[in-house]
Structure formats: structure tokens, C-alpha cells
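Below, read A as the first sequence line, B as the second, and so on, with proteins coming before strands; counting in each chain starts at 1.
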Number of protein chains: 2
Amino acid sequence: MKVSVEQLQHPPDVNDRMCPSRGVLEHVTSRWGVLVLIALAEREYRFSELRRRVAGVSEKMLAQTLQNLERDGFVHREAHPVIPPRVDYRLTPLGVEAAELVGGLAHWVERHTPTVLATRLVYDAAR
Amino acid sequence: MKVSVEQLQHPPDVNDRMCPSRGVLEHVTSRWGVLVLIALAEREYRFSELRRRVAGVSEKMLAQTLQNLERDGFVHREAHPVIPPRVDYRLTPLGVEAAELVGGLAHWVERHTPTVLATRLVYDAAR
DNA sequence: CAGGATCCGCAGGGATACTG
DNA sequence: CAGTATCCCTGCGGATCCTG
């Protein structure tokens with residue numbers, strides 16, 4: 001089989017280059033991205049507040065998630081020059097829309113989870 | 001409608017039982033799950049048709065994704081006892097709803113991707 | 001307190017070969 | 001054609017330490 005040079009030049013992330021919207025979608029639907037958006041949908045949070053709210057997230061992943069969401073324009077970061085440091089995170093107008101959509105999806109999933117679990121039992125029982 | 005963050009969390013293994021909805025959500029929002037749902041939203045597909053339609057997915061991941069979606073009750077699998085084998089995949093009524101939601105989210109992201117990319121440029125330029 | 005820097009384990013996922 | 005089985009590896013994400 002012949003392989004084009006172009007394919008070899010950019011082996012990684014070909015899809016990302018061709019379809020950047022996939023990357024954006026993965027940011028908002030990522031494991032912690034979903035939870036952060038839903039949390040910030042209710043109100044503004046500080047870093048460690050958010051860390052407690054989204055229990056289980058590591059500092060690293062929370063920082064990374066927030067940076068992605070800020071870079072994409074979904075979250076606004078406001079650092080107050082005080083000691084000790086204080087940083088507030090809130091949704092941008094774009095973030096509010098995104099949070100409504102992912103929140104809607106999450107809520108729909110929650111409502112139908114019992115059905116899904118029952119379906120799984122039937123599926124698993126059939127083998 | 002408000003969605004609580006607590007109900008969606010499952011950092012350790014135990015939380016899968018405490019919060020199974022998170023698992024369901026990850027199935028439909030997974031990298032390939034989203035694309036499969038969107039593809040099947042337009043029409044019924046066969047396995048290798050779907051593989052060509054969802055460019056970049058490996059056989060393994062497509063099979064795994066389809067099994068998850070079938071087990072959760074979003075996709076119906078119909079195998080025809082012919083040679084060569086022929087298997088059709090289509091959305092269930094529940095899957096249609098799910099596909100509408102993830103599709104809505106995906107299309108919203110697509111519409112706002114130019115804005116996001118522009119925002120990223122500004123963000124990156126600021127450092 | 002808000003995060004950067006580092007190390008590292010392990011499972012998610014790709015490539016390939018094989019089967020019914 | 002529609003998968004399953006196998007090998008293999010990277011990169012996600014957790015833990016820990018450090019700084020402003």
C-alpha cells in the first residue's frame with residue numbers, strides 16, 4: 001500500500017488540523033470540562049472553591065481544564081493582586097451558552113440513566 | 001433546570017456505582033461516540049460504511065463504541081445471516097434523542113469555532 | 001492560596017493478524 | 001464483511017514538591 005508523504009509529515013492530529021471543532025468539542029465534553037461548566041453555571045467560583053465543588057479533581061487537571069476553557073473563551077479568569085492570592089472564575093456569555101447545552105445533555109442523561117441501566121442488565125443477561 | 005455537580009462525579013472506582021450517569025455521559029460524549037451518533041442520526045449504516053463515514057476511527061474503537069452504545073440502548077444492531085456477513089446499525093428512539101442533543105451541541109460548537117479560534121489567537125498572543 | 005514543574009503508572013487506543 | 005485477539009506504546013491524569 002502506498003502512503004503519501006503528506007500523511008507521513010503530519011501523522012499526529014490530522015483530524016485536529018482538518019477539523020478544529022473536534023478539539024473545542026472535546027474541551028467542553030471532557031471529563032472535568034463538563035463538571036466545571038456546570039458548576040460555574042450556578043455562580044462564580046474561586047480556584048480552591050471549585051476544587052472542593054468538583055471533588056476528585058487534581059490541582060493539575062483543574063488548572064489545565066480552566067486554562068483550556070479560558071483559552072477557548074468560555075471562562076473568564078480574574079486574578080486579584082492581593083495576598084493571599086485570589087482568583088475568580090466565571091462563565092463568559094459564550095460559556096453560558098455552552099454550559100446550558102452540556103448541562104442539558106447531562107440532565108437528559110441523568111433522567112434516562114435508570115432506563116439505560118435496565119437495558120444493560122438485559123444486554124448482559126443475553127450472554 | 002439545574003443539574004447538580006455532585007451527582008455526576010465519580011473520581012474513584014466506587015463512584016461508578018454511586019454515579020452511573022457519568023459513565024453513560026462519557027459513552028455519548030466520547031471521541032467516537034459523538035461522531036457515531038451524529039452519523040447514525042442521518043441514516044442507517046453498515047459497519048464498514050460507518051468506518052469510512054467516521055474517518056480516522058480504528059476497527060477496534062468503532063466496534064467498542066458501537067457495543068457501548070448498543071448496551072446502553074442507544075443503538076440497535078441487526079445482523080443478517082448472509083454471506084458475506086452484513087450488519088446494520090441504527091438509532092433506537094432513545095438514541096435519536098441522545099443524537100439530537102449531542103448533535104445540537106456539536107453544531108453549536110461548529111458554529112462558534114471561528115470565534116473560539118480567534119479567541120485563542122488573542123490568548124496565545126498575550127504570552 | 002493559586003498554580004507551575006516533575007515524575008511516573010497504567011489504561012486507552014492504534015496497528016496488525018486472524019477467524020467465522 | 002464484520003468483527004475478535006494480540007501486541008505495543010503514548011499520553012492522560014494522579015501524586016508530590018515547590019514558588020510567588
Side-chain angles (χ1 to χ4, degrees), chain A residues 1-3 7-8 10-16 22-23 26-27 29-36 39-40 44-71 75-90 123 127, chain B residues 9-16 22-23 26-27 29-36 39-40 44-71 75-90 123 127:
Chain A
M1 165 181 182
K2 280 171 66 178
V3 179
Q7 288 175 326
L8 291 174
H10 303 292
D13 296 337
V14 173
N15 288 327
D16 285 344
R22 263 189 208 183
E26 279 172 4
H27 283 168
T29 62
S30 71
R31 168 165 194 184
W32 303 118
V34 172
L35 299 176
V36 166
L40 289 180
E44 171 179 307
Y45 274 94
R46 293 170 53 196
F47 186 85
S48 47
E49 271 184 336
L50 205 49
R51 226 200 130 196
R52 263 174 266 119
R53 185 69 214 283
V54 183
V57 67
S58 66
E59 290 183 3
K60 176 185 172 180
M61 289 316 296
L62 181 56
Q64 193 175 108
T65 300
L66 285 170
Q67 280 171 19
N68 281 335
L69 294 177
E70 185 197 358
R71 195 170 95 103
V75 165
H76 175 72
R77 178 183 185 275
E78 187 166 3
H80 299 87
V82 298
I83 295 178
R86 179 196 181 93
V87 181
D88 291 326
Y89 292 93
R90 81 176 72 96
Y123 181 93
R127 61 210 71 200
Chain B
Q9 292 169 350
H10 82 138
D13 47 0
V14 187
N15 292 26
D16 276 343
R22 177 68 204 181
E26 280 178 355
H27 283 169
T29 63
S30 69
R31 176 176 174 83
W32 303 118
V34 172
L35 299 177
V36 166
L40 289 180
E44 171 178 307
Y45 275 95
R46 293 169 54 196
F47 187 85
S48 46
E49 271 183 335
L50 206 48
R51 231 203 124 188
R52 280 186 294 273
R53 176 69 172 73
V54 182
V57 66
S58 64
E59 289 184 3
K60 176 184 173 182
M61 288 316 297
L62 181 56
Q64 194 175 107
T65 300
L66 285 169
Q67 280 173 19
N68 282 334
L69 294 178
E70 185 196 0
R71 193 170 95 104
V75 164
H76 174 71
R77 177 183 187 276
E78 188 167 3
H80 299 89
V82 298
I83 294 178
R86 180 196 181 95
V87 182
D88 292 325
Y89 292 94
R90 81 176 71 95
Y123 181 93
R127 58 210 73 198

Minimum-distance nucleotide to [X] side chain [options: [options]]:
X	options	value
Arg77(B)	dG3(D), dA2(D), dA2(C)	dG3(D)
Pro85(B)	dA17(C), dG20(C), dG14(C)	dG20(C)
Lys60(B)	dT6(D), dA2(D), dG3(C)	dT6(D)
Arg31(A)	dA2(C), dG14(D), dC1(D)	dG14(D)
Met61(B)	dG3(D), dG3(C), dG13(C)	dG13(C)
Ala63(B)	dT4(D), dA2(D), dA2(C)	dT4(D)
Trp32(B)	dT4(D), dG14(C), dA2(C)	dG14(C)

Looking at [X], does any N or O in its side chain come under 4.0 Å of the phosphate oxygens OP1/OP2 on [N]?
X	N	result
Arg46(B)	dC1(D)	no
Tyr45(B)	dA2(D)	no
Ser58(A)	dG13(D)	no

So NZ of Lys60(B) and CG of Leu62(B): to nearest 0.5 Å the spacing works out to 13.0 Å
CG of Asn68(B) to CD of Glu70(B), rounded to nearest 0.5 Å, is 10.0 Å
Taking for Arg86(B) and for Glu59(A) the nucleotide of DNA chain D with the nearest heavy atom, the one nearer the 5' end belongs to Arg86(B)
message = For the backbone of Leu40(A) and the side chain of Arg90(A), can you confirm whether one donor and one acceptor N or O come within less than 3.5 Å of each other?
response = no
- [ ] Check every strand shown and say whether Gln67(A) touches a base, only sugar-phosphate, or nothing at a heavy-atom separation below 4.0 Å.
- [x] sugar-phosphate
For Arg51(B), answer base if it contacts any base atom (sugar-phosphate contacts may also be present), sugar-phosphate if it contacts only those atoms, and nothing otherwise; contact means non-hydrogen atoms under 4.0 Å.
nothing
| Should Glu26(B) and Arg22(B) count as an ion pair when the cut-off is N to O under 4.0 Å? | yes
